[in-house]
Protein chains: 2
Amino acid sequence: MKKDVSTEQKIKDAARKVFMTKGFSGCTTREIAKSVGINVALLNYYFRSKGKLFELILEAALSDFVDSMVEVFKQDLPLESKTRMLIDKEFEFLRKHPELPLFIHAGLNQESDAELDQSNFLGRLHKTGIFEECEKAQEEGSMRKLNMINVTLLFISNCHFPIMSKKLICGIYQIDDNEHEARLIEHQEIVKEMLINYLFPNTNKHA
Amino acid sequence: MKKDVSTEQKIKDAARKVFMTKGFSGCTTREIAKSVGINVALLNYYFRSKGKLFELILEAALSDFVDSMVEVFKQDLPLESKTRMLIDKEFEFLRKHPELPLFIHAGLNQESDAELDQSNFLGRLHKTGIFEECEKAQEEGSMRKLNMINVTLLFISNCHFPIMSKKLICGIYQIDDNEHEARLIEHQEIVKEMLINYLFPNTNKHA
DNA sequence: ATCGTTTTTAAACAATTGTTTAAAATAAGT
DNA sequence: ACTTATTTTAAACAATTGTTTAAAAACGAT
């Protein structure tokens, strides 16, 4: 233990911020070093290369993303409540990290290797028991019978995309940040109702 | 008229392909020139700079994206049929240009200026009369009352995201291209049913 | 064929890139 | 205090970047 925050961690933090906003090839190692206030060579001292550092950041971002889901799945709540909570948490989380979705997708497409499951994301999701829970609900008839990949797609699409498409939407509809934020707040409720109605069609339509 | 296809167009085509897959700062002018088979200097002869060329490609991509929507809106069909057609056309279009959504979003975030509406996308959408059509349907009660921005978000989220998240989904769920394609085909129907049910709640639930 | 214009090229430009080397500064162990 | 190991720096490295310059090639019109 040398510093309050180790240099290594400070570099990671700065790299995360820079990579997130500018992407891998959109920034330079010197830019990162400068934002930490250290020499360029120190980057290669702690991490072997720019690419290695990037992989680390990307991996961590993916981990955060999965973590926010796992946290909800572990809750002891009925499936429908979990669904609501998942959407709320996801919107809340992404509002704090709006660059995350685009960063992840752009990052994954940049790296051809993409050894994505060295962190065993699927395993961590499985351990929450959410898949069995859905399977049971589907057999009971309370939940619509869908492949879990499609269920995942529905959730991520409707939570991530509204956040990451801000520039597109503001550009096309010529609205400012405030109006966009207002749309987003409304959208959160829309998504919740739409997904619940679709996934659990037999329960109460209007509470 | 000099060539079958002008050099200018050949450069645009090559630049489009390269920019789409690698992004603005992910590629070099020499890479583009090489893929056309011409000298680097010719890029700056026809287009003034790499940035100018990129803006051109991005603008064209956005235009394609809006065009595919306008084409559907102009059809003389009931609103619900247009909805189905829009989703089908969008999936069909994006299957042919799967890099487009990510390219647009990454591109918009790279350019701080983003004078997005010099092509007057909103005007082109307005001219189709789709907004009035929805407003009328909403007053009649056949369509759920939502801000059109939220409606747009629902459509794009559920059409674009499934395509652009291929690497993420394949990575997490450890599936190959074939399995992913199968999920996508199913997802197209899922999205159609979910959106129709949500936007037009009073019509037939199960045909 | 000849002249002027357009298109294309080779070469060079200065700036920036990621990375390495070798030395300096700092910390730790004895 | 002295020695060793760790951390940090300045400087240099070769390669690559976007762009420009000036000359060559191709073309069009007369």
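Naming convention: chains lettered A, B, ... in sequence-line order (proteins, then strands); numbering from 1 in each chain.
- Remark: C1' of D:dG18 and NZ of B:Lys52 are 17 Å apart, rounded to the nearest angstrom.
- Listed nucleotides: C:dA12, C:dT19, D:dT9. Nearest to the side chain of B:Arg30: C:dA12.
- Between A:Ser49 and C:dG18, a side-chain N or O to OP1/OP2 separation shorter than 4.0 Å is absent.
- Side-chain nitrogen and oxygen atoms of A:Tyr46 include at least one within less than 4.0 Å of the OP1 or OP2 phosphate oxygen of D:dT8.
- Using a 4.0 Å heavy-atom cutoff across all strands shown, B:Phe47 reaches no nucleic acid atom at all.
- Between the CD1 atom of A:Ile32 and the C1' atom of C:dT16 there is a distance of 15 Å, rounded to whole Å.
- Rounded to a whole Å, the NZ atom of A:Lys10 is 14 Å from the P atom of D:dT7.
- Look at CZ on A:Phe54: it is 16 Å from C1' on C:dG18, rounded to the nearest Å.
- In this structure, B:Lys192 places its NZ atom where more than 12 heavy-atom neighbours from other residues, nucleotides or ligands lie under 6.0 Å away.
- One finds no side-chain N or O of B:Thr7 lying less than 4.0 angstrom from the OP1 or OP2 phosphate oxygen of C:dT7.
- Listed pair A:Asn39 / D:dA10 meets the phosphate criterion, a side-chain N or O lying under 4.0 Å from OP1 or OP2.
- When rounded to the nearest whole Å, the span between OH of A:Tyr45 and C1' of C:dA25 equals 13 Å.
- B:Ile38 comes within 4.0 angstrom of sugar-phosphate atoms only, judged by non-hydrogen atoms across all strands, and of no base.
- The side-chain heavy atoms of A:Phe161 and A:Pro101, taken from C-beta on, include no pair separated by under 4.5 Å.
- Relative to the six-membered ring of A:Phe73, A:Lys82 misses at least one condition, a distance below 6.0 Å or an angle of at most 45° to the axis.
- If you run salt bridge (Lys or Arg N to Asp or Glu O under 4.0 Å) between A:Asp177 and each of A:Lys167, A:Arg183, A:Lys166, only A:Lys166 comes through.
- A:Arg124 and A:Val70 get closest at one heavy-atom pair: O-CG2, 4.0 Å.
- To the nearest angstrom, P of D:dA22 lies 16 Å from CG of B:Asn44.
- Comparing D:dT19, D:dG18, C:dT19 by their nearest atom to the side chain of B:Val40 picks out D:dT19.
- Ranking C:dT8, C:dG18, D:dT9 by closeness to the B:Leu42 side chain, first place goes to C:dT8.
- Nearest nucleotide to the side chain of A:Ala41, out of C:dT8, D:dG18, D:dA10: D:dA10.
- Between the P atom of D:dT7 and the CD atom of A:Gln9 lies a distance of 15 Å, rounded to the nearest Å.
- Remark: P of C:dT16 and CD of A:Glu31 are 13 Å apart, rounded to the nearest angstrom.
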